[in-house]
2 protein chains.
Amino acid sequence: MPSIKDVARKAGVGIATVSRVINNSGYVKQSTREKIEKVIQEIGYVPNEIARSMLKQKNNIVAFIIPNSTHLFFGELLYHVELELFKYGYKLMVCNSSESMEKELEYLDMLKNNRVDAIILLTNNDIEQYLNKDLPLISFDRKFKDVPFVASDNYQGGILAAKKLIDLGCDHLMFIGDDAQGDSTPVQTEVTKRRLGFMSYAKEHHHSEVINIEYPLGNYINIPEQVHKTVLEHPEVDGIFAISDAVACEVILNLEKHGKRVPEDVKVIGFDGGRSFLNLGKKMTSISQSPEQIAHAIAESIHSFYANEKVENKIIPVTLTNGETA
Amino acid sequence: MPSIKDVARKAGVGIATVSRVINNSGYVKQSTREKIEKVIQEIGYVPNEIARSMLKQKNNIVAFIIPNSTHLFFGELLYHVELELFKYGYKLMVCNSSESMEKELEYLDMLKNNRVDAIILLTNNDIEQYLNKDLPLISFDRKFKDVPFVASDNYQGGILAAKKLIDLGCDHLMFIGDDAQGDSTPVQTEVTKRRLGFMSYAKEHHHSEVINIEYPLGNYINIPEQVHKTVLEHPEVDGIFAISDAVACEVILNLEKHGKRVPEDVKVIGFDGGRSFLNLGKKMTSISQSPEQIAHAIAESIHSFYANEKVENKIIPVTLTNGETA
DNA sequence: TTGTAAGCGTTATCAA
DNA sequence: TTGATAACGCTTACAA
């Protein structure tokens, strides 16, 4: 592919002049400019961004380390993150970790070598100790030391769900989640606040104790068979808040398989937005996260950082989306 | 971040020697090597891939122009493409076109500027005239002049679906698809072969005519309301082949809403693999594409190209996955 | 208004 | 064994 030198030679000018033309900087005589533009057309010259990156020490590439782009909510988030970054002139590199910490570390090394401008990190692994100042990180739904983060208002989501179920007259509440606080792993993400918010509101406004099902972090999609068993062992439960739509969906299908009607016998609320679960046959009642707003906040943070503005942590509001399962 | 010069200075050697150490090339005295490695550790030097790219004229970045990573099958494909490319040392840039040709052209320009090593193109737009030799293209499910392609065996998929429905004793077949052959757009993709294979087999092995519903390319997920109406206008139909699982899912939900039982009254076969539609409440019968194999074929083609091997077009086999809808 | 030259961080060539 | 030095393609002083 032709370089700036080829243009300069063919136009009979110096490369600096060509540079001035393509960047519209400095003075260039009109006739010279036209001559150069003509040559550019003729030989199909386009500037090489790699060379520019080297000089500017900035390549406008952002990487997104994500467990799995196949997961419904993550897929949506990825889509919007790419869209928002594009508006600021950033390109997005996807890095599917498949939830493996080893893979995450491998990506981190690779991305450091590639001098990407930012790395969006979304993980449940115990990775804190491997993060350092040379990595331009921003994290989603997770706090790391010295790393700015964006998170949904998970606590408020828990409250909204509890309030909804209680308002609907549920007598026996249950929470189901793989948020892995406590013993199962040393990691605590912001997601656990869904549970905390739920519990807290229920404690204040509800008479009986909430049944709390907690299981280790899995693959985000399939939940352990044991959980289904436990649910069935509590026939008195008439209100369930699940940590994600995917989990809620599985729980609902299981309940229905065992003769329970949703929402008549048991009301179920998921978390994420229910958008992708039209094919459940009914619309899910869910606490909606806004992938658009999250993506916007992330892109804005990255942009602010390079504009030398202060990067604030951001909490994105959630809303209750009414559906047919509660 | 430190450069090779910093290492050289601190170790009291020339930069060429440092380069030899980090690339394990040429002769380096053991003691020198150790001294250099020590410095590298100390100052936390990692080589700058951007500089390497510039020199090698290769950056190991592949871009994937995809309509929407949120679409279930595309999301899976994206996931596997990234995985497969990673094995060959390639990084993946996602470019969501949202099906807009304008956006695709914008991406194409951007990617040319960025000298990416390959561009995987997945589009239904009439874009042929904008493609040129400077774009390192490979296409999925679509033939372009002088562009190598990978496609599923769509024709065979149509045959498998027709055979299945006929073997199950269906008397009145229907095909539903937005494959847009003929009038609706000048574009013809490989996907239209699903219809052709279906029709061809049905013609040979079936008595009555197949009802053919064709509608313009949409957003891959929602189908026009008119299609649902047309389906209901044909109560005699007892076997439907839909061009994708997403379409099949919508058709099934609509049929059930109107009192038809699937598969008892109408058998429905989708296309893609049915994997993501567990939450339909039943497993979909579907012609399975293999995102893994497709991704592998794509990655391999790109790799072959840079290994100076001949890049062949590749047709990936499909299989019938039995489910509960046919 | 224009051109020369330095420099961004590497690798590769060629002497030493 | 090693170290200058010339690329790679660009931007930006600095001179002219």
Side-chain angles (χ1 to χ4, degrees), chain A residues 1-40 43-61 89 109-117 134 306, chain B residues 1-37 39-40 43-61 89 110-117 134 306:
Chain A
M1 239 183 275
S3 82
I4 199 172
K5 274 189 196 164
D6 301 310
V7 178
R9 190 174 327 120
K10 186 144 187 182
V13 299
I15 59 168
T17 309
V18 178
S19 179
R20 284 185 201 102
V21 169
I22 61 187
N23 292 293
N24 237 311
S25 64
Y27 301 100
V28 182
K29 206 204 303 176
Q30 184 57 23
S31 62
T32 319
R33 158 165 284 124
E34 282 161 9
K35 189 171 52 180
I36 291 173
E37 279 167 348
K38 185 152 161 287
V39 173
I40 287 178
I43 68 177
Y45 166 77
V46 295
N48 182 325
E49 284 298 332
I50 299 181
R52 283 181 171 167
S53 300
M54 186 144 88
L55 212 54
K56 302 272 186 63
Q57 301 287 62
K58 185 158 189 304
N59 56 16
N60 292 307
I61 295 178
D109 275 350
M110 182 273 277
L111 296 170
K112 189 170 174 185
N113 286 327
N114 282 276
R115 305 294 196 269
V116 296
D117 288 346
D134 281 346
Y306 285 101
Chain B
M1 239 182 274
S3 81
I4 199 170
K5 276 188 194 163
D6 300 310
V7 178
R9 190 175 325 118
K10 186 142 188 183
V13 299
I15 58 169
T17 309
V18 177
S19 179
R20 283 186 203 102
V21 168
I22 61 188
N23 292 292
N24 237 311
S25 63
Y27 300 101
V28 183
K29 207 203 306 174
Q30 184 57 20
S31 62
T32 319
R33 156 165 287 125
E34 280 162 10
K35 189 170 53 181
I36 291 174
E37 278 167 348
V39 173
I40 287 179
I43 68 178
Y45 165 78
V46 297
N48 182 325
E49 285 297 333
I50 300 182
R52 282 181 172 168
S53 301
M54 185 145 88
L55 211 56
K56 303 271 188 66
Q57 302 286 60
K58 183 153 191 303
N59 56 16
N60 291 309
I61 294 179
M110 181 275 274
L111 296 170
K112 189 169 171 183
N113 286 327
N114 282 277
R115 305 296 196 268
V116 296
D117 288 346
D134 282 347
Y306 284 102

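Letters A, B, ... are given to chains in the order of the sequence lines, protein chains preceding strands, and every chain is numbered from 1.
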Of the candidates D:dA13, D:dT11, C:dA12, the side chain of A:Ala16 sits closest to D:dA13
Give the nucleotide from the list C:dG9, D:dC10, C:dT1 with an atom nearest to the side chain of A:Lys29. C:dT1
NZ/NE/NH1/NH2 to OD/OE distance under 4.0 Å, B:Asp6 and B:Arg9: yes
A:Lys58 NZ to C:dG9 P: how many Å, rounded? 17 Å
N/O (side chain, A:Arg20) to phosphate O (OP1/OP2, D:dT11) under 4.0 Å: no
Closest listed nucleotide, where the reference is the side chain of B:Gln57 and the choices are D:dG9, C:dT4, C:dG9: D:dG9
Between A:Asn48 and B:Asn113, is any pair of side-chain heavy atoms under 4.5 Å apart? no
Compare side-chain N and O positions of A:Asn48 against OP1 and OP2 of D:dC8 and report whether any pair is under 4.0 Å apart. no
Would you mind telling me which of D:dG9, C:dT11, D:dA13 lies closest to the side-chain atoms of B:Ile22? C:dT11
Is the shortest side-chain N/O distance from B:Lys5 to OP1 or OP2 of C:dC8 below 4.0 Å? yes
Considering only heavy side-chain atoms of B:Ile15, the closest of D:dC10, D:dG3, C:dT10 is C:dT10
Classify the nucleic acid contact of B:Val21 as base, sugar-phosphate or nothing, counting any heavy atom under 4.0 Å across all strands shown. nothing
On DNA chain C, does the nearest nucleotide to A:Gly14 precede the nearest nucleotide to B:Pro2 from the 5' side, or the other way round? Give the residue. A:Gly14
Using modelled atom types and a 3.5 Å cut-off, is there a donor and acceptor pairing between side-chain atoms of A:Asn59 and backbone atoms of A:Asn114? yes
Between CE of B:Met54 and C1' of D:dC10 the distance, given in whole Å, is 7 Å
Phosphate OP1/OP2 of C:dG3 contacted by A:Thr17 side-chain N/O (<4.0 Å): yes
Quick one: is C:dT2 close enough that its OP1 or OP2 comes under 4.0 Å of any side-chain N or O from A:Thr32? yes
Side-chain H-bond candidate by donor/acceptor type, B:Lys58 with B:Asn60, under 3.5 Å: yes
Should B:Thr32 and B:Val13 count as side-chain neighbours, where that means a heavy-atom distance under 4.5 Å? yes
Whole Å only: how far is the CG atom of B:Asn24 from the P atom of C:dT11? 12 Å
Rounded to whole Å, the NZ-P distance (B:Lys56 to D:dA7) equals 19 Å
Using a distance-only criterion (donor-acceptor N/O pair, under 3.5 Å, no hydrogens), is the base of D:dG9 paired with the side chain of B:Arg115? no
Is the phosphate of D:dT1 approached by B:Gln30 (side-chain N or O, under 4.0 Å from OP1 or OP2)? no
On DNA chain D, nearest-nucleotide positions of B:Tyr27 versus A:Ile4: which is more 5'? B:Tyr27
Tell me whether the OP1 or OP2 atom of D:dT11 has a side-chain N or O from A:Ser19 closer than 4.0 Å. yes
What's the separation between atom CD1 in A:Ile36 and atom NZ in A:Lys29, rounded to the nearest 0.5 Å? 11.0 Å
May I ask you to verify if any side-chain N or O of A:Tyr45 is less than 4.0 angstrom from the OP1 or OP2 atom of D:dC10? yes
A:Asn59 atom CG is separated from C:dC8 atom P, nearest whole Å, by 17 Å
Which one, D:dC10, C:dT11, C:dG9, comes nearest to the side chain of B:Leu55? C:dT11
